[in-house]
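Below: one structure, written as structure tokens.
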Amino acid sequence: MIEAKILKRETQTRDIIVLDLVATNGAPLPAFEAGAHIDVEIEPGLTRQYSLCSDPADLGHYRIGVLKDPKSRGGSVKLHELFAEGKTIRIGTPRNLFPLDESAPESILIGGGIGITPMIAMAHHLHAKGKPFALHYCAREKATTAFLVELANAPFADKVHLHFDSGEGTACFDAACDLPDPSMGAHVYTCGPEGFMSYMHGLAEARGYAPETLHQEFFSAEVDNTGGSFEVELAQSGKTITVQEGQSIVAALAEIGVKVEVSCEQGICGTCLCDVLEGEPDHRDSFLTDEEKADNDQIMLCCSRAKSPKLVLDL
Ligand code: FES
């Protein structure tokens with residue numbers, strides 16, 4: 001973790017704040033790739049992930065946008081309460097689970113609501129490299145949409161297309177004209193609420209885009225702990241536990257005093273990854289790729305379960 005100071009807190013809409021973070025020692029922050037996120041410790045034991053939306057070429061500060069979502073698990077509400085300008089906080093080094101495929105001849109970036117954040121960093125990067133791209137920003141209405149001033153003044157402002165559900169002078173996203181012919185080889189990136197991303201992917205697939213050209217970033221995911229109980233054997237200690245229906249492996253391990261490091265607790269961040277020595281996992285995460293899931297030799301302990309009666313873990 002790195003100590004950082006909140007240099008600036010800007011309330012951009014009723015529910016969205018934008019924070020500029022600098023290293024407390026004044027040094028440049030660690031380099032990051034467009035699409036990367038950082039862990040932010042909101043208070044001890046409460047960590048959430050936020051995409052970096054600043055220019056990856058500028059390591060003098062990181063910028064994140066935080067939507068206060070009272071329906072979420074409470075991290076963003078706490079952050080809005082506690083994170084005042086000047087406060088010192090702890091953040092993780094950037095990790096990228098949403099990389100650009102720079103071999104693509106064109107990139108179509110589509111952000112829904114606060115899902116615009118990683119797209120801004122991607123747009124900075126692609127602009128600096130002189131690579132063709134378009135940035136589509138879909139939101140309900142102007143009044144609740146952040147980053148509008150920043151995007152209007154960005155060096156890539158001519159590549160930004162706004163789509164408000166309310167109309168407000170903009171056209172709806174239209175796959176037929178906003179997505180290039182898939183034969184041109186473009187890749188499509190979406191970030192936003194799950195329903196938004198699957199809608200956009202559906203449009204792209206219907207237009208003929210192949211799955212490997214579609215990329216998405218999950219902000220949150222439902223954890224589904226249904227599906228019966230199973231046993232977990234810990235290879236290093238020889239202990240065996242039963243994971244009950246409705247309980248995560250992490251929670252079952254905690255009952256016998258085995259603490260697993262977690263962060264998102266939703267199968268998104270990769271913190272709780274563990275090697276599987278025997279048994280077949282029931283993968284319920286968004287972190288592992290389909291190929292990694294098919295190998296069945298790793299599992300995310302915060303959300304995944306077992307298809308076999310028992311798993312043997314390298315713990
Ligand atoms: Fe993030 Fe498990 S804690 S994937």
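As the structure lists them, so they are numbered: ligands from 1, and atoms in each ligand from 1.
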For I268, the atoms of ligand 1 under 4.0 Å from one of its heavy atoms are 4 (S)
Honestly, is K310 close enough over F230, meaning NZ or CZ under 6.0 Å from the six-membered ring centre and within 45° of the axis?
no
Just which atoms of ligand 1 are under 4.0 Å from any heavy atom in G267?
4 (S)
Assess C303: does it contribute an N, O or S atom lying under 2.8 Å from atom 2 (Fe) of ligand 1?
no
If the cut-off is 4.0 Å to any non-hydrogen atom of G270, which atoms of ligand 1 fall inside it?
1 (Fe), 4 (S)
Classify the ring geometry between H215 and H187 as parallel (under 30°), tilted (30 to 60°) or perpendicular (over 60°).
parallel
Check contact between D285 and ligand 1, using heavy atoms of the residue and a distance below 4.0 angstrom.
no
N/O/S from C302 sitting under 2.8 Å away from atom 2 (Fe) of ligand 1
yes
Going by the atom numbers of ligand 1, which of them fall below 4.0 Å from some non-hydrogen atom of M300?
4 (S)
For ligand 1, note which part of E265 has a heavy atom under 4.0 Å away: side chain, backbone, both or neither.
backbone
Any idea how F32 and Y62 line up, ring-wise: parallel (<30°), tilted (30 to 60°), or perpendicular (>60°)?
perpendicular
Between Q247 and E255: side-chain donor-acceptor atoms closer than 3.5 Å
yes
Check whether the side chains of S103 and D101 place a donor and an acceptor atom closer than 3.5 Å, and report yes or no.
yes
H136 vs H163 aromatic rings, parallel, tilted or perpendicular, using cut-offs 30° and 60°?
parallel
Per-atom filter on ligand 1: closer than 4.0 angstrom to a heavy atom of C269 are 1 (Fe), 3 (S), 4 (S)
Answer with yes or no whether the side chains of H283 and N296 bring together a donor and an acceptor at under 3.5 Å.
yes
